[in-house]
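Below you'll find the structure, written out as structure tokens, and then a few comments.
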Amino acid sequence: MIEMWHEDKIAAFRQTLLEWYDREGRADLPWRRDHEPYHVWVSEIMLQQTQVQTVIPYFERFMATFPTIADLAKAPEQVLLKTWEGLGYYSRVRNMQKAAQQVVNDYAGVWPNNMAALQKLTGIGPYTAAAIASISFNEPVPAIDGNAFRVFSRLFKIDADIAQAKTRKVFFEVGEQLIDPERPGDFNQAIMDLGSSYMSAKNYDSEHSPVKAFNAAYLDGTEDFYPVKTKAPKPKPVTYFAIAVKSPAGYLWEQRPANGLLGNFWTMPLYALTDFITDSDANWTEDEMITATQKRLAVDYGVVADLKKVTGRPVTHVYTHLKWTVTILTAEVAPQQLVRGMWRSFDDLQEDPQPKIQEKIWRRLS
DNA sequence: GAGACGTGGTG
DNA sequence: TCACCAAGTCT
């Protein structure tokens, strides 16, 4: 059970926090120029699991490309993905377009003005709904993100595991008590600024934090223990073959399935080793694996090619839950009818978004 | 509720 | 090289 502060202490905390925010908050951020829900929303989605300095140029480009929510609602998917290229978690932008269409069609283009309604839009969860509701519409709801977890856990010595979904409730209730009813948006943003500066995950500087007098963990020297968070599993290793087939008509190119990793991205054919080797067939030599890949290529795409391995170490790429090790195979063939995929010139396919792993493969080929 | 979902930065 | 982090949401 969390011991909540008395009224006077809460009032003092709000005042201290907001005075610091007015003085030293990140007023320069491009999404803080106004409180337009469209601007707040786009920035909040981009900032999910992504650092501020990474987001800034993406935000500017996004607004230049889609100045209004109506522009976003009607954009072609490849344009959407191109604008998001390199940011990752691409379902974020696909969900944004769905939400844009919901606002345009179901709300006549007028944003719902409260957390509960906002959270019904695709891709808007409890955090983003609270952020928009508080910043754009002055609703006193706490935006519980990684920063709030970190800040509140230290202020109150909350030892609930923040990796557990149910823990959000504990922090939300603390936030509801603390949030300034007059300036809820500024309060939430101040907590975020605090959580990414003086009260960051590593190299935090509680000694100079404006709210150090309110920081129970700092005051008794236990801040190293907060927040409590069980660690994520290691990325699982997966072996892949990437096949660069070149013809005078271009490269063999294919669109990935809509759902799953890198959904709807175009890449060269990629085979996981487990696509054709099961546990019972362990200990294949690399030559045998290449021969098997060659057969799969003929069956799946109708391309008969003599695959050569690109020398050097395989390309590696780490995702949150997977670690890919990709061996590159190449072939040159005559133009021909394909069973699957299409021939596309190098210049043509550069127009489309590409995932980082494909970029790494190109780099190795050139 | 646990796992899926990208990429870049840091120690 | 590796572990872990960075303004989460969906299934």
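What you see below is based on every heavy atom in this structure, not just the backbone, and it leaves out hydrogens, waters and symmetry mates. Quantities reported herein were computed from a predicted structural model and do not represent experimental measurements.
- Taking the six-membered ring for Trp and thresholds of 30 and 60 degrees, A/His321 and A/Tyr319 have ring planes inclined between 30 and 60 degrees apart.
- Contact annotation: A/Thr128 reaches the phosphate of C/dT9 (side-chain N/O to OP1 or OP2, under 4.0 Å).
- Each of A/Lys202 and A/Gly260 has a nearest nucleotide on DNA chain B; the 5'-most of these lies closest to A/Gly260.
- Among the heavy atoms of the strands, none lies under 4.0 Å from A/Gln189.
- Here A/Tyr89 does not reach the OP1 or OP2 of C/dC10: none of its side-chain N or O atoms lies under 4.0 Å away.
- Comparing the P positions of C/dC4 and B/dG3 gives an interatomic distance of 16 Å, to the nearest angstrom.
- No engagement by A/Ile45 is indicated, since no non-hydrogen atom pair under 4.0 Å with the nucleic acid exists.
- For A/Gln51, no side-chain nitrogen or oxygen approaches OP1 or OP2 of B/dG8 to under 4.0 Å.
- For the P atoms, the distance linking B/dC5 with C/dA6 amounts to 23 Å, nearest Å.
- Using a cutoff of 4.0 Å between basic side-chain nitrogens and carboxylate oxygens, A/Asp22 and A/Arg183 are scored as salt-bridged.
- Going from the P atom of C/dA7 to that of B/dG11 covers 16 Å, rounded to whole Å.
- One atom, OH of A/Tyr319, and another, P of C/dA3, lie 18 Å apart when rounded to the nearest Å.
- A/Arg32 comes within 4.0 angstrom of a base, heavy atoms only.
- For the C1' atoms, the distance from B/dG1 to C/dT11 is 11 Å, rounded to whole Å.
- Close to C/dC2, at under 4.0 Å from its OP1 or OP2, lies a side-chain N or O of A/Lys323.
- With distances taken from any side-chain atom of A/Gln164 to the nucleotides C/dA6, B/dA2, C/dA3, the minimum falls on B/dA2.
- Taking side-chain N and O atoms only, A/His321 has a distance below 4.0 Å to OP1 or OP2 of B/dC5.
- Contact of A/Thr320 with B/dG6 (side chain to base): a donor-acceptor pair of N or O atoms is detected under 3.5 Å.
- In this structure a side-chain-to-backbone donor-acceptor pair under 3.5 Å is missing from A/Arg256 to A/Thr267.
- Judged by atom type and distance alone, A/Thr50 does not reach the base of B/dG8 through any side-chain donor-acceptor pair under 3.5 Å.
- Residue A/His317 places at least one side-chain N or O closer than 4.0 Å to OP1 or OP2 of B/dT7.
- Comparing A/Ala165 and A/Gly263, the nucleotide of DNA chain B nearest to each residue sits closer to the 5' end for A/Ala165.
- One finds a side-chain N or O of A/Arg150 lying less than 4.0 angstrom from the OP1 or OP2 phosphate oxygen of C/dA7.
- No hydrogens or angles considered: a donor-acceptor pair under 3.5 Å links the side chains of A/Lys360 and A/His317.
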